Amino acid sequence: SAVISQKPSRDICQRGTSLTIQCQVDSQVTMMFWYRQQPGQSLTLIATANQGSEATYESGFVIDKFPISRPNLTFSTLTVSNMSPEDSSIYLCSVRQNYNSPLHFGNGTRLTVT
Amino acid sequence: DQQVKQNSPSLSVQEGRISILNCDYTNSMFDYFLWYKKYPAEGPTFLISISSIKDKNEDGRFTVFLNKSAKHLSLHIVPSQPGDSAVYFCAASARNRDDKIIFGKGTRLHILP
């Protein structure tokens, strides 16, 4: 399976600031997704990162808060904007080759907002 | 509304015995089911999957059973080893619909020496 590198691995940020998380895959992948895992919760899909076009957001997530870029088939970024303590979570990049294959995840970014 | 439910937050099993992790789902359109394992400070790792056309899939020490009528699946780990101590997530998707993979809240498995 693809090797997925995510940066930073963790960060502590001040309320009101923004953080951009990078996801680099070692091979071209068809589908890339961003998930969030809040403490004690399941993994929740934020959005599908579409190559060369706007991301597709899930209910409860908006582009102004979580802008996503995907300039090519191996790279994507997720920005968490105007952060509040409620944004403290693990953010996970994931990839999938097709609808009959599993998701594979990066190691995640543990974000703490103070 | 949780579409994928793991009702046991944690489970302790003696090393060498069988670990059975359970998962229930509510969406009858789900036709692809997956199990993931997660260690602290790492991303989830894919373990095993099963399509709704099967009722069992086996890979080494891991076997997943699917009971479609009960909307229930389980992961069996035999024999359990210390390295199996982790959080296990059940997940499901409806490949002919929106195909989003939906996760349960996870079960923390402790393997006791």
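Source: prediction; values computed, not measured. Below, read A as the first sequence line, B as the second, and so on, with proteins coming before strands; counting in each chain starts at 1. Values below: every heavy atom of this structure, side chains too, minus hydrogens, waters and symmetry copies.
Linking ILVMFWY residues whenever their side-chain heavy atoms come closer than 4.5 Å, directly or via other members, leaves L78(A) and V95(A) in distinct clusters. Both F103(B) and V87(B) are assigned to one and the same hydrophobic cluster, defined by single-linkage of ILVMFWY side chains at heavy-atom distances under 4.5 Å. A continuous path of hydrophobic side-chain contacts links F105(A) to F46(B) [ILVMFWY only; heavy atoms under 4.5 Å]. Under a hydrophobic-cluster definition in which Ile, Leu, Val, Met, Phe, Trp and Tyr are linked whenever side-chain heavy atoms come within less than 4.5 Å, directly or via other members, I68(A) and L111(A) are assigned to the same cluster. No single ILVMFWY cluster, assembled from side-chain heavy atoms under 4.5 Å apart, contains both V25(A) and I46(A).
Residues of residues 11-23 of chain B lying within less than 4.5 angstrom of chain A, judged on heavy atoms, are absent.
Heavy-atom distances place no part of I4(A) under 4.5 Å from chain B, backbone and side chain included. If you measure heavy-atom distances from I101(B) to chain A, the contacts under 4.5 Å come from both the backbone and the side chain.
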Between chain A and chain B, which donor-acceptor pairs sit under 3.5 Å apart?
{"residue": "Y36(B)", "atom": "OH", "partner": "L103(A)", "partner atom": "N", "Å": "3.0"}
{"residue": "Y36(B)", "atom": "OH", "partner": "L103(A)", "partner atom": "O", "Å": "2.7"}
{"residue": "G43(B)", "atom": "N", "partner": "N107(A)", "partner atom": "OD1", "Å": "3.3"}
{"residue": "R95(B)", "atom": "NH1", "partner": "N100(A)", "partner atom": "OD1", "Å": "2.8"}
{"residue": "D99(B)", "atom": "O", "partner": "R96(A)", "partner atom": "NH1", "Å": "3.4"}
{"residue": "D99(B)", "atom": "OD2", "partner": "R96(A)", "partner atom": "NH1", "Å": "2.8"}
{"residue": "K100(B)", "atom": "NZ", "partner": "E58(A)", "partner atom": "OE1", "Å": "2.8"}
{"residue": "I101(B)", "atom": "O", "partner": "Y35(A)", "partner atom": "OH", "Å": "3.0"}

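With rounding to the nearest 0.5 angstrom, the CG atom of L45(A) is 7.0 Å from the CD1 atom of I102(B).
In this structure, L92(A) and G43(B) approach most closely via the heavy-atom pair CD2-CA, 4.1 Å.
Among G40(A), P102(A), G108(A), G106(A), the residue making the largest number of heavy-atom pairs under 4.5 Å with chain B is P102(A).
Counting only heavy atoms from C-beta outward, the side chains of L43(A) and F89(B) approach each other to under 4.5 Å.
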